[in-house]
Participant: 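Attaching a single structure in structure tokens format; questions to follow.
In what follows, residues are counted from 1 in the order of the sequence shown. All figures in this text were calculated on a predicted structure; none of them were measured in a lab.
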Amino acid sequence: MVRLNSSNSKANPLVSVIVPTFNRPGMLSDTLKSVYAQTYKEFEVIVINDSGEGVESLITAIDPEGRINYIRNSRNRERTYSRNIGLKIARGKYIAYLDDDDRYYPDHLETLVGHLKTSDYKIAYTDAYRAWIEKEDGEYVIKKRDLPYSQDFDEDEILIQNYIPLICVMHEKTCLDKVGLFDEELSVYEDWDLWIRLSRSYKFLHIKKVTAEFSWRAEDNLPGGKRRAKFLKTMQTIYKKYHHLAVGKPEVISAQQRKLTRIVPKE
């Protein structure tokens, strides 16, 4: 496993916020502003540009204090690779995640750090609204918000589906010493894969509070769409990869089969 160093202040531990980005400067601006609006101020931000449109001037405008560590990949390597780059240089005791089209609410970091500091848990997650967005006149507009997931952790259910949005999770960086980084062979569901590995060694604390929101584009998830097909194929890969964890649990295997039957289009 990769050994990762971390810094630790018992009073106000540093949080490293990992933000991969690719060709969404307008959304990235709002995303980063949501970090700077946090009530908890002990954070660093690591932005990894996956060889997309330059955002240096945007970052300079948002970050006059120089708290953003900006990295630009020499070529497009996908978000999983970018997140791992951020993890390798992160200095915080805690790791938090934020995609470039999502945003934290002001109490997100404070809520998670507060619970982790005062418990024996090394991993915690809150809830997040799903913001349904559609393009109108060249701009994305939020049409509605809902709460698709708000479930206490279950080590069997995580073998069936990913019900923990990446944006909701915070964990001690040292957890990765034991389970490794994101699997760079996966371009989707890489977070789900990591949660499964983490869940075999650590307990997850669910904080039943909405502290963030993530974007959802209906056109990306239409039956027959390329992105949807990628998610379905990766789901099958994860079921196969962790089949040994479902052995002896017929209810889990049956639930996996039902999940695939419901969402795999018939020929």
Side-chain angles (χ1 to χ4, degrees), residues 1-8 13-25 27-36 38 40-56 58-60 62-63 65-104 108-109 112-113 116 122-125 164-195 197-198 212 214-215:
M1 298 299 178
V2 178
R3 171 61 65 177
L4 302 172
N5 297 320
S6 64
S7 64
N8 177 16
L14 183 69
V15 178
S16 296
V17 181
I18 312 296
V19 186
T21 187
F22 181 70
N23 286 348
R24 289 197 284 221
M27 291 182 174
L28 176 64
S29 177
D30 292 338
T31 294
L32 294 178
K33 287 175 182 177
S34 80
V35 182
Y36 275 77
Q38 292 299 293
Y40 186 85
K41 300 300 183 182
E42 294 298 321
F43 63 81
E44 65 170 359
V45 185
I46 304 172
V47 175
I48 309 95
N49 186 341
D50 197 17
S51 194
E53 181 179 345
V55 294
E56 291 83 354
L58 179 155
I59 287 176
T60 299
I62 293 174
D63 181 44
E65 300 174 1
R67 297 172 71 179
I68 294 178
N69 190 341
Y70 177 70
I71 299 167
R72 180 179 175 85
N73 293 340
S74 59
R75 61 185 177 90
N76 186 260
R77 299 291 297 270
E78 297 287 351
R79 65 187 186 185
T80 309
Y81 174 89
S82 295
R83 287 201 186 102
N84 282 345
I85 289 293
L87 288 172
K88 290 173 183 177
I89 67 170
R91 299 181 296 112
K93 175 178 181 178
Y94 297 124
I95 301 294
Y97 301 97
L98 186 58
D99 285 346
D100 64 357
D101 58 343
D102 302 333
R103 69 185 184 95
Y104 292 156
H108 178 75
L109 296 182
L112 285 159
V113 171
L116 288 173
K122 295 182 181 295
I123 307 170
Y125 64 98
I164 307 175
L166 178 67
I167 192 175
C168 296
V169 174
M170 180 181 288
H171 62 77
E172 287 194 14
K173 187 180 179 185
T174 54
C175 294
L176 302 176
D177 295 341
K178 189 169 187 177
V179 307
L181 305 179
F182 288 103
D183 184 348
E184 293 179 16
E185 295 297 316
L186 303 177
S187 59
V188 297
Y189 280 148
E190 69 279 6
D191 51 344
W192 182 19
D193 175 81
L194 181 58
W195 306 159
R197 284 186 278 129
L198 284 168
F214 62 93
S215 298

Participant: Between Arg79 and Glu190, is the side-chain contact (heavy atoms from CB on, under 4.5 Å) condition met? List the steps.
Facilitator: CA-CA 9 Å; Arg79 65 187 186 185; Glu190 69 279 6; 2.9 Å; yes
Participant: For the OH atom of Tyr81 and the CZ atom of Arg75, what is their distance to the nearest 0.5 Å?
Facilitator: 7.5 Å
Participant: Have a look at Glu44 and tell me which of Arg91, Arg67, Lys173 forms a salt bridge (charged side-chain N to carboxylate O under 4.0 Å, His left out) with it.
Facilitator: Arg91
Participant: Backbone N or O of Ser34 within a donor-acceptor pair of the Arg103 side chain at under 3.5 Å?
Facilitator: no
Participant: What's the separation between atom CH2 in Trp195 and atom CG in Leu166, rounded to the nearest 0.5 Å?
Facilitator: 5.0 Å
Participant: Does the plane of the ring in Tyr97 sit parallel, tilted or perpendicular to the ring in His171? Use 30° and 60° as the thresholds.
Facilitator: tilted
Participant: Under the side-chain contact (heavy atoms from CB on, under 4.5 Å) test against Tyr70, which residue among Val55, Asp63, Thr60, Ile48 passes?
Facilitator: Val55
Participant: At their closest point, which heavy atom of Cys175 faces which heavy atom of Leu198, and how far apart are they?
Facilitator: CB-CD2, 3.8 Å
Participant: Going through the distances and angles, do Ile71 and Ile89 end up as a side-chain contact (heavy atoms from CB on, under 4.5 Å)?
Facilitator: CA-CA 10 Å; Ile71 299 167; Ile89 67 170; 3.2 Å; yes
Participant: Any chance you could lay out the salt bridge (charged side-chain N to carboxylate O under 4.0 Å, His left out) test for Arg83 and Asp50, step after step, and finish with the verdict?
Facilitator: CA-CA 10 Å; Arg83 287 201 186 102; Asp50 197 17; over 6 Å; no
Participant: For His108 and Ala212, work out which heavy atoms get closest and say how close.
Facilitator: ND1-CB, 4.1 Å
Participant: Looking only at non-hydrogen atoms, find the nearest pair between Met170 and Leu109 and report the distance.
Facilitator: CE-CD2, 3.7 Å
Participant: So, does Thr80 use its side chain to make a donor-acceptor pair with the main chain of Leu186 at under 3.5 Å?
Facilitator: yes
Participant: Looking at every non-hydrogen atom in both residues, tell me the closest pair between Ser82 and Pro20 and how far apart they are.
Facilitator: CB-CB, 4.0 Å
Participant: Quick one: pull up CG in Asn84 and CD1 in Ile18 and give me the separation to the nearest 0.5 Å.
Facilitator: 9.5 Å
Participant: For Glu53 and Pro25, indicate whether the former's side chain and the latter's backbone hold a donor-acceptor pair under 3.5 Å.
Facilitator: no
Participant: Spell out, as yes or no, whether a donor-acceptor pair under 3.5 Å connects the side chain of Asp99 to the backbone of Ile167.
Facilitator: no
Participant: If you round to the nearest 0.5 Å, how far is CD1 of Ile59 from CD1 of Ile68?
Facilitator: 5.0 Å
Participant: Please examine the side chains of Val19 and Leu28, heavy atoms only from C-beta on, and report whether any two atoms are closer than 4.5 Å.
Facilitator: yes
Participant: Check whether any side-chain N or O of Asn23 sits under 3.5 Å from a backbone N or O of Gly52 as a donor-acceptor pair, and report yes or no.
Facilitator: no
Participant: For the ring pair Tyr36 and Tyr104, is the centre-to-centre distance below 6.0 Å?
Facilitator: no
Participant: Work out which heavy atom in Ala90 is nearest to a heavy atom in Ile95; give both atom names and the distance.
Facilitator: CB-CD1, 3.8 Å
Participant: Below 4.0 angstrom, N of the basic side chain to O of the carboxylate: do Glu184 and Arg77 qualify?
Facilitator: no
Participant: Assess whether side-chain contact (heavy atoms from CB on, under 4.5 Å) is satisfied between Leu14 and Lys93, documenting all intermediate values.
Facilitator: CA-CA 6 Å; Leu14 183 69; Lys93 175 178 181 178; 5.9 Å; no
Participant: As a quick check of understanding, evaluate side-chain contact (heavy atoms from CB on, under 4.5 Å) for Leu176 and Phe182, giving each step before the final call.
Facilitator: CA-CA 9 Å; Leu176 302 176; Phe182 288 103; over 6 Å; no
Participant: Run the salt-bridge test on Asp30 and Arg24 with the 4.0 Å N-O cut-off and return the result as yes or no.
Facilitator: no
Participant: To the nearest 0.5 Å, tell me how far Leu194 CG sits from Tyr189 OH.
Facilitator: 15.5 Å
Participant: Heavy atoms only: give me the nearest Arg72-Glu56 pair and the separation to one decimal.
Facilitator: CD-OE2, 4.4 Å
Participant: Measuring from Ile62:CD1 to Leu32:CG, what's the distance to the nearest 0.5 Å?
Facilitator: 5.0 Å
Participant: Look only at the side chain of Thr31 and the backbone of Asp102, and say whether a donor-acceptor pair between them is shorter than 3.5 Å.
Facilitator: yes
Participant: Between Glu78 (side chain) and Ser187 (backbone), is there a donor-acceptor pair under 3.5 Å?
Facilitator: no
